[in-house]
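Inspection log for the structure reproduced underneath, given as structure tokens.
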Number of protein chains: 2
Amino acid sequence: MDTDAELRIDAPHRELLDQILDKWSLSVLNELCERPCRFNELRRAVPQVTQKSLTSTLRRLERNGVIEREVVSTRPVAVRYRITPLGKTLRHPIDVLLAWATQNMSAIAAAREAFDVREEAGR
Amino acid sequence: MDTDAELRIDAPHRELLDQILDKWSLSVLNELCERPCRFNELRRAVPQVTQKSLTSTLRRLERNGVIEREVVSTRPVAVRYRITPLGKTLRHPIDVLLAWATQNMSAIAAAREAFDVREEAGR
DNA sequence: CGGAATCCTATTCGATACTG
DNA sequence: CAGTATCGAATAGGATTCCG
């Protein structure tokens, strides 16, 4: 019998998820699932991200094949990012995650408060 | 149907997900979903994590109410971590995520190779 | 056993300036 | 417009030591 060998998360799993679930990726992917976006559109859509972080996030997502980058050679240049078919398969996992977060937001806020009170009381 | 129901990820959403989807949390949660574990059991189950990172991960997950910590006052002390009811609701999102990663692992590896070749070729 | 404390390095990050 | 380059600050992360 396989006692606990079911869904062990190994290094490749974790590395992959780290690349796609990082701080800004979810926001970017969620945005690009709605519609293709240009660089500054994304900045406006995710106001807290800096240009530098957005750039590296986009590169990483592109490298992993979940978004693609198209350069339109106008003056000045336009760059359009869009979700790929592979990226579209992330829609469901992301939605499940967001649904969970939305549903449990208040329960978690309560847990945090309780924890912090316990901490302050010295355990 | 959510036609264009903006599932905008706001700051609270992202902060919450950052706390629960970080580098080691998935592995720890996945393990604790199987059974309660003691500290060093978790270390063995997730061999790459350091004691320091495991400690902070556990604290954070406890603060967010998804796991709980029980101290058994023996000599020497035993500490047992277990998933909470709230934490159990993470089982589905995590499974969806792992399923996605497993299914698309090779497609992503291929995308990375293609990207790296393009890079090397100077775009 | 289950950490806390300390030290130290490495990576990340924001801010700023510049460019095709 | 869509970045690149750079620098210093902040933060994360590993290794080690020690303690109840």
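Predicted, not measured: the structure shown is a model, and the values here were computed from it. Chain A is the first sequence line, chain B the second, and so forth, proteins listed ahead of strands; every chain is numbered from 1.
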N or O in side chain of A:Thr50 less than 4.0 angstrom from C:dC13 OP1/OP2:
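For A:Thr50, the contact criterion (side-chain N or O under 4.0 Å from OP1 or OP2 of C:dC13) is not met.
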Would one find a side-chain N or O of A:Arg38 under 4.0 angstrom from OP1 or OP2 of D:dC1?
no
Measure the distance from [atom1] on [X] to [atom2] on [N] and round it to the nearest whole Å.
X       : N      : atom1 : atom2 : answer
B:Lys52 : D:dG13 : NZ    : P     : 9 Å
B:Arg59 : D:dA12 : CZ    : C1'   : 18 Å
B:Leu54 : C:dG2  : CG    : P     : 10 Å
B:Gln51 : C:dC7  : CD    : P     : 17 Å
B:Lys23 : D:dG13 : NZ    : C1'   : 8 Å
B:Arg43 : C:dG3  : CZ    : C1'   : 10 Å
A:Arg14 : D:dG13 : CZ    : P     : 12 Å
A:Asp22 : D:dA12 : CG    : P     : 15 Å

Around A:Glu113, counting heavy atoms of other residues, nucleotides and ligands shown, do more than 12 lie under 6.0 Å from its CD?
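No - once you tally the heavy atoms of other residues, nucleotides and ligands closer than 6.0 Å, there are 12 at most.
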Are side-chain N/O atoms of [X] and [Y] paired as donor and acceptor at under 3.5 Å?
X       : Y       : answer
B:Thr50 : B:Ser53 : yes
A:Asp10 : A:His13 : yes
B:Gln51 : B:Thr55 : yes

So which nucleotide from C:dG20, C:dG3, C:dG2 ends up closest to the side chain of B:Tyr81?
C:dG3
So which heavy atom on A:Trp100 is nearest to which on A:Asn104, and how close?
O-ND2, 2.8 Å
When all nucleic acid strands are considered with a 4.0 Å heavy-atom cut-off, which category describes A:Ser53: base, sugar-phosphate, or nothing?
sugar-phosphate
Using a heavy-atom cut-off of under 4.0 Å over every strand shown, decide if A:Arg75 touches base, sugar-phosphate, or nothing.
nothing
Nearest nucleotide by nearest heavy atom, which residue falls closer to the 5' end of DNA chain C, B:Ala78 or A:Val49?
B:Ala78
